[in-house]
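What follows is a short report on a single structure.
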Amino acid sequence: SLPMLWSGLSLLNLGEPAGPSAVLACGYAIMAAVAGIIPVHAMAEAWGRRALALVDGVGTPYDVAFVLQRVSSYRLWLGDWRVAEDGFRREVEIAHRVGDHRMLGDAMICTVFAATYQGHFRRVEELFREVDVWERKTGDAQLQTGGPVVEATAKLRLGKTDEAVALCQGARPLVDASPAVHDDIRCYGVLALAAALAGDTRLAREAAERVVPIIAATRPVAYWTHDG
């Protein structure tokens with residue numbers, strides 16, 4: 001949006017004259033993601049490089065992880081798998097070292113996304129063994145809502161349709177309570193496909209009728225909704 005773009009540019013314009021800082025690095029990371037969404041990829045890539053260069057010199061571990069998360073997510077969107085996965089791997093290492101559970105969850109699920117988008121579905125199953133342990137330990141509501149749907153996507157592609165249906169059905173109460181429309185798109189989209197392949201046409205139609213109007217009213221800018 002224009003207000004987001006204006007505020008981000010203001011941060012950069014005010015921060016640059018003051019010299020290198022972690023705040024400026026994080027500002028560049030955020031604006032790299034915004035520029036990618038617009039999309040102005042040359043600007044996004046330049047701001048992402050600037051963010052990484054700044055934060056490695058002046059940032060705390062948290063700042064480094066913050067920048068890595070945003071810049072690597074943008075690289076994931078572009079399909080730059082190696083760069084994205086290297087960034088998420090480094091973020092996971094930092095999260096383990098400083099004991100930041102929220103940071104660790106974000107990095108782990110993005111690592112799962114990278115494996116999913118490359119079609120490495122057995123790798124996704126392996127990763128979820130670690131994700132499930134972390135989720136039970138922390139009770140992270142965001143992961144409890146979206147995690148089962150990401151796992152269901154892999155199960156579906158591996159021909160495990162009944163498991164995919166069960167995962168989506170189990171996530172429905174949390175998805176229905178979530179205000180985020182991307183949760184509806186992912187859960188009910190995957191459920192519709194899984195139920196159709198499982199031969200449950202009634203459930204497939206119910207899920208499709210729930211999700212199609214939401215998709216029709218939503219701009220397709222969030223790559224993590226692709227599975228729905």
Side-chain angles (χ1 to χ4, degrees), residues 1-120 123-124 127 130-131 134 138 140 142-143 146 150 182 220-226:
S1 68
L2 287 176
M4 180 185 296
L5 183 62
W6 180 86
S7 61
L9 289 173
S10 296
L11 171 61
L12 302 187
N13 289 335
L14 291 171
E16 276 290 355
S21 70
V23 172
L24 182 59
C26 292
Y28 271 113
I30 292 170
M31 290 306 294
V34 171
I37 291 170
I38 291 175
V40 183
H41 292 300
M43 186 176 292
E45 292 179 13
W47 284 347
R49 289 192 298 270
R50 177 67 171 148
L52 290 168
L54 281 170
V55 80
D56 280 336
V58 299
T60 65
Y62 175 84
D63 298 322
V64 173
F66 182 96
V67 168
L68 285 169
Q69 172 68 29
R70 275 88 191 152
V71 173
S72 299
S73 294
Y74 170 67
R75 304 313 304 184
L76 178 61
W77 179 23
L78 293 183
D80 194 349
W81 311 123
R82 184 188 60 78
V83 174
E85 288 179 313
D86 286 349
F88 295 136
R89 190 177 301 113
R90 188 179 170 196
E91 185 184 0
V92 166
E93 293 169 356
I94 293 171
H96 278 301
R97 189 166 70 247
V98 303
D100 190 316
H101 294 304
R102 175 71 255 177
M103 182 195 303
L104 179 59
D106 288 343
M108 289 170 64
I109 201 64
C110 284
T111 302
V112 170
F113 282 146
T116 300
Y117 301 154
Q118 294 175 82
H120 300 162
R123 172 64 175 153
V124 173
L127 288 168
E130 183 179 357
V131 171
W134 178 87
T138 63
D140 183 271
Q142 183 175 327
L143 190 56
V150 181
H182 62 78
V221 296
Y223 61 79
W224 57 88
T225 63
H226 89 289

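Heavy atoms only: backbone and side chains are in, while hydrogens, waters and symmetry mates are out.
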Which atom pair, heavy atoms only, marks the closest approach of [X] to [Y]?
{"X": "V67", "Y": "A25", "value": "CG2-O, 3.8 Å"}
{"X": "G87", "Y": "S72", "value": "CA-OG, 3.3 Å"}
{"X": "Y74", "Y": "A32", "value": "CD1-O, 4.5 Å"}
{"X": "P39", "Y": "G36", "value": "CB-O, 3.0 Å"}
{"X": "A115", "Y": "V124", "value": "CB-CG2, 3.8 Å"}

TODO: Taking side chain to side chain contact (heavy atoms under 4.5 Å, CB included) as the test, write out the residues that go with V58, two or more places apart.
DONE: P20

Open item on the list: With rounding to the nearest 0.5 angstrom, report the CG to CE distance, L11 to M31.
Closed with: 8.5 Å

TODO: Kindly compute the distance separating OG (S7) from CG (L12), expressed to the nearest 0.5 Å.
DONE: 9.5 Å

Open item on the list: Within the supplied structure, the quantity of interest is the number of heavy atoms (other residues, nucleotides, ligands) at a distance under 6.0 Å from E130 CD; does it exceed 12?
Closed with: no

Side-chain donor-acceptor distances from residues 88-101 under 3.5 Å, at least two apart:
from, atom 1, to, atom 2, distance (Å)
R89, NH1, D86, OD1, 2.8
R90, NH2, D56, OD1, 2.8
D100, OD1, R102, N, 3.1
D100, OD1, M103, N, 2.9

Task: Quiz item: cation-pi between R70 and F66, 6.0 Å / 45° - done: yes

Task: Residue from V112, D106, L104, T111 passing side chain to side chain contact (heavy atoms under 4.5 Å, CB included) with M108 - done: L104

Task: Residue pair L78 / H41, side-chain heavy-atom distance below 4.5 Å - done: yes

Task: Modelled atom types, side-chain donor and acceptor of D63 and T60, under 3.5 Å - done: yes

May I have the list of side-chain donor-acceptor pairs in residues 45-55 shorter than 3.5 Å, sequence neighbours left out?
from, atom 1, to, atom 2, distance (Å)
R50, NE, E16, OE2, 3.2
R50, NH2, E16, OE1, 3.2
R50, NH2, E16, OE2, 3.1

TODO: Describe, in one word, how the ring planes of W81 and Y117 are oriented to each other, choosing from parallel (under 30°), tilted (30 to 60°) and perpendicular (over 60°).
DONE: tilted

